[in-house]
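Below is one structure, written out as C-alpha cells, with a few remarks after it.
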2 protein chains.
Amino acid sequence: MKNAIEFNPYSKACPSREVLGEVGNLWSVLIIVSLSDGPLRFGQLQSRIEGISNRMLTQTLRNLERDGLILRTQLPEVPPRVEYSLTDLGTHMLKPLSQVEKWVLQYMPQIMENREKYDAIVAE
Amino acid sequence: MKNAIEFNPYSKACPSREVLGEVGNLWSVLIIVSLSDGPLRFGQLQSRIEGISNRMLTQTLRNLERDGLILRTQLPEVPPRVEYSLTDLGTHMLKPLSQVEKWVLQYMPQIMENREKYDAIVAE
DNA sequence: CCGAATCCTCGCTGATACTG
DNA sequence: CAGTATCAGCGAGGATTCGG
C-alpha cells in the first residue's frame, strides 16, 4: 500500500474508503465549498451553514484540518479570532466537490419529480 | 422553491441538503461509480463493494432508484436476475462523483502524511 | 439469486452547560 | 468568540433469517 495506485475504496480496509466517506460527508462539503470565497471564522461558518451544531462544526473542522484540507489560524487578539482557510490540497478537493454541489442543485427539480413518481407508484 | 436557483443546501430545511448528503454518501458513490462500466447485478455489486451489507446495498439502491439515478431491471428468468444501470441522470452525476473518487485516490498519500504529522503534533 | 424483515447495537449527532 | 465536556436519543448499519 505504498503506491497511490494501490489505494482502493472498494477494498474494505483501505483508508481511502474512510477518506472518501469523510470528504463526501455533507458537513465537509458545505464547509469546503464555503471556504472557496476566502477564509471564514468559526461563527461565520456556523451562521452560513444553517443548522450545523457547535459540536459537528468543531469536529468536522478538526478532521479536515487533520487531513490537511483546511488551515486553522488563530490570531492573537482579544476576543479570540480564528480563521479557517483552504490549503492547496483543500483547493484541489474543492473543484470536484463544488461540481457535485453544482450538479445536485442543477438536477434537484428532476430528482424531486422522480421521487414523486416513484412514491406514487410504490404507494399504489 | 419552484425554481432551481432557489435550492440552497446551506438552508436547513432545503431538500437539496438531504440529496447532497445522500449522493455524497460513501455507498452511493461506490455504487454509482461501479455502474459506470455498465450494468451490474445485485451480487456483482455486493462482491465488488467489499464489506457492504445486504441491507445497506438494498437500501442505497432503492434510494438511488427513487431519485432516478439508477434503473432496476428485473429479467424474467429463473433464478431471478436483476440488473442495475445508470440512468441519464445517474450518468450526469457520475462525472463529478468519479472526479471526487479520483481526487481522493490521487491525494491519499499526502492525506496519510498530513494525518501522521497532525497526530504527532497533537500527541505531544 | 434477490431482497424484505427483524433484531440489536454502537456511534453519530444534537442539546446543553461550561471555560479561556 | 471559539471552542470543550458531557449526556441522552435515535437512527445508521451489521447479522441473521426467511420468502419469491
N-O pairing of A:E83 and A:R81 below 4.0 Å: yes
Can you measure B:N25 atom CG to D:dG11 atom P for me and round it to whole angstrom units? 17 Å
Counting N and O atoms only, with roles assigned by atom type, does the side chain of A:S28 sit under 3.5 Å from a partner on the main chain of A:G24, one being a donor and the other an acceptor? no
What is the distance, rounded to the nearest whole Å, between atom CZ of B:R72 and atom P of C:dC2? 10 Å
Without decimals, in angstroms, what is the distance between B:L26 CG and D:dA12 P? 15 Å
Hey, which of A:L40, A:V29, A:L86 is the one that makes side chain to side chain contact (heavy atoms under 4.5 Å, CB included) with A:S34? A:L40
Just checking, any donor-acceptor pair under 3.5 angstrom between side chains of A:E113 and A:Y118? no
I'd like to know if B:K117 pairs up with A:E65 as an ion pair, taking the criterion as any Lys NZ or Arg NE/NH1/NH2 lying under 4.0 Å from an Asp or Glu carboxylate oxygen. no
Here the residues of residues 49-71 of chain A within 4.0 Å heavy-atom distance, strictly under, of DNA chain C are A:S53, A:R55, A:M56
Between B:R48 and B:D37 (salt bridge meaning N to carboxylate O under 4.0 Å), is one present in this structure? yes
Pair A:K12 + A:E18, salt bridge at N-O below 4.0 Å: no
How long is the span from the OG1 atom in B:T58 to the CG atom in B:L45, to the nearest 0.5 Å? 10.5 Å
Rounded to whole angstrom units, what separation is found between the CD atom of B:E83 and the C1' atom of C:dC2? 13 Å
Between C1' of C:dG3 and CD of B:E77, the distance in whole Å: 17 Å
Quick one: is D:dC1 close enough that its OP1 or OP2 comes under 4.0 Å of any side-chain N or O from A:Y84? no
Within residues 40-47 of chain B, find the residues that approach DNA chain C with a heavy atom at under 4.0 Å, and present them sorted by residue number. B:R41, B:F42, B:G43
